[in-house]
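Presented below is the structure to which this report refers.
Order of the sequence lines sets the chain letters (A, B, ...), proteins ahead of strands, with each chain counted from 1.
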Number of protein chains: 2
Amino acid sequence: MLSKKTKYGIKALTYLARQDSKNPVSIATISKSENISVKFLESILLTLKKNGILGSKKGIGGGYYLIKNPKDVPMTTVMRILEGPIAMVPCVSLNYYEKCDDCPDEGTCAVHKLMIQIRDNSLKIFRNTTLAELAN
Amino acid sequence: MLSKKTKYGIKALTYLARQDSKNPVSIATISKSENISVKFLESILLTLKKNGILGSKKGIGGGYYLIKNPKDVPMTTVMRILEGPIAMVPCVSLNYYEKCDDCPDEGTCAVHKLMIQIRDNSLKIFRNTTLAELAN
DNA sequence: CTAATACCCTATCGGGTTAGTAGGATAATA
DNA sequence: TATTATCCTACTAACCCGATAGGGTATTAG
């Protein structure tokens with residue numbers, strides 16, 4: 001299951017990508033438009049900022065804005081920040097590899113074999129899909 | 001993340017698929033071979049039985065056995081029984097569709113658009129992978 | 001018939017995560 | 001200086017996961 005955190009995060013990002021200008025948009029505005037709890041959204045946008053996706057501006061007329069061009073933001077980046085590793089099992093993760101305690105040999109492990117395929121395909125999709133494409 | 005339930009289930013199924021004869025194998029035997037908690041494995045095999053994947057035999061010399069030929073068991077079936085829907089979001093699920101409360105229009109929803117692709121690809125892999133292939 | 005074996009079933013439980021809330025600190029602007 | 005809006009920490013209720021406990025029931029060996 002996709003977490004609501006990721007779901008809301010993607011929605012907020014595409015909302016910003018659809019904006020004509022690069023002017024900051026307040027949490028409240030995004031929250032209202034996308035039907036997301038203000039406080040929850042606040043924490044999501046903050047982590048996106050800390051990870052270099054968003055910039056922010058305080059005070060009147062402030063809010064959040066995209067730092068990069070939407071077509072330069074692949075979904076791999078967004079997913080890894082919000083949802084964590086792409087792989088469904090640590091033993092097939094590229095960035096967060098971890099050996100299974102129970103599994104003596106990955107070469108003969110059925111789960112490993114199956115999940116490698118899933119990871120490769122998901123990775124391909126996330127890599128080839130940018131924020132710009134989702135915004136259209 | 002893939003649940004341990006599914007992970008262990010797949011391991012147990014491939015263990016059975018690798019067996020030469022169709023003789024029942026006891027929970028204890030599989031548990032020992034695959035390093036899985038006996039009681040936990042017990043509940044997993046029971047649900048696999050209830051869903052028509054496994055048969056069982058009680059008493060001495062009893063255990064679990066595959067009902068069908070391994071090459072007639074696609075991973076879609078196994079995944080749906082143990083892990084639940086293939087889709088990461090209910091609004092793109094084929095068998096368990098559910099509309100999102102917050103989303104006014106699926107046609108313009110970025111999450112929907114992205115997750116449809118993921119679902120299609122995962123589905124293709126699970127459908128084309130049988131127990132027999134994983135066992136080799 | 002009886003005891004041993006091994007599946008069948010329900011209930012429970014600790015620990016961790018998730019989704020959301022509360023409340024104030026800090027910075028920018030009018 | 002008041003207002004706006006982000007920043008930050010802490011907290012909590014609800015939920016799910018993995019595992020365990022403790023029997024009940026069917027089958028088979030002797």
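Sorted by first and then second residue, the ring pair (Phe, Tyr, Trp, His ring centres under 6.0 Å) pairs involving residues 29-59 of chain B (not counting sequence neighbours) are B/Y8-B/F40.
The phosphate of D/dT20 has OP1 or OP2 within less than 4.0 Å of a side-chain N or O from B/S37. At D/dA5, none of the side-chain N or O atoms of A/Y65 fall inside 4.0 Å of OP1 or OP2 (strictly under the cut-off). Contact check, A/K57 against D/dT4: no side-chain N or O comes under 4.0 Å of OP1 or OP2. Note on B/K49: every side-chain N or O is 4.0 Å or more away from OP1 and OP2 of C/dC7.
Residues A/Y8 and A/I60 both approach DNA chain C. Their nearest nucleotides, taken by heavy-atom distance, put A/Y8 toward the 5′ side.
In this structure, A/L48 atom CG and D/dC8 atom P are separated by 14 Å, rounded to whole Å. Here C/dT18 presents its C1' atom at 14 Å from NZ of A/K7, a figure rounded to the nearest Å. Rounded to whole angstrom, the span from the NZ atom of A/K4 across to the P atom of C/dT21 amounts to 12 Å. Look at CD1 on B/I36: it is 13 Å from C1' on D/dG18, rounded to the nearest Å. Counting to the nearest Å, the P atom of C/dG20 and the NZ atom of A/K39 are 14 Å from each other. Distance CG (A/L2) to C1' (C/dT17): 15 Å, rounded to an integer number of Å. As rounded to whole Å, 8 Å separates atom P of C/dG20 from atom CD1 of A/I44. Rounded to whole angstrom, the span from the NZ atom of B/K11 across to the C1' atom of D/dG18 amounts to 16 Å.
Heavy atoms of B/K50 sit under 4.0 angstrom from primed sugar atoms or phosphate atoms, though from no base atom. Using a 4.0 Å heavy-atom distance criterion, A/I27 is classed as a sugar-phosphate-only contact.
Between the side chains of B/S93 and B/E98, not a single donor N or O lies within less than 3.5 Å of an accepting N or O.
Below the 3.5 angstrom threshold, one finds a donor paired with an acceptor across the side chain of B/E42 and the base of C/dC8.
Atom CE of A/M115 and atom SG of A/C91 lie 9.5 Å apart (nearest 0.5 Å). Residue B/L2 holds its CG atom at 10.0 Å from CD1 of A/I118, rounded to the nearest 0.5 Å. B/L16 contributes atom CG, which lies 6.0 Å from atom CG of B/L54 (distance to the nearest 0.5 angstrom).
Among C/dC7, C/dA19, D/dT20, the nucleotide with an atom closest to any side-chain atom of B/S56 is C/dC7. Between D/dA19, D/dG18, C/dA30, one nucleotide has an atom nearer to the side chain of B/K5 than all others, and that is D/dG18. Here the nucleotide nearest the side chain of A/L46, chosen from D/dC8, C/dC9, D/dA26, is D/dC8. Of the candidates D/dC7, D/dA19, D/dT25, the closest approach to any side-chain atom of B/K58 belongs to D/dT25. With C/dA30, D/dT6, D/dG18 as the choices, the nucleotide that has an atom nearest any side-chain atom of B/F40 turns out to be D/dG18.
Side-chain contact between B/D102 and A/K11 is present, with heavy atoms from C-beta onward closer than 4.5 Å.
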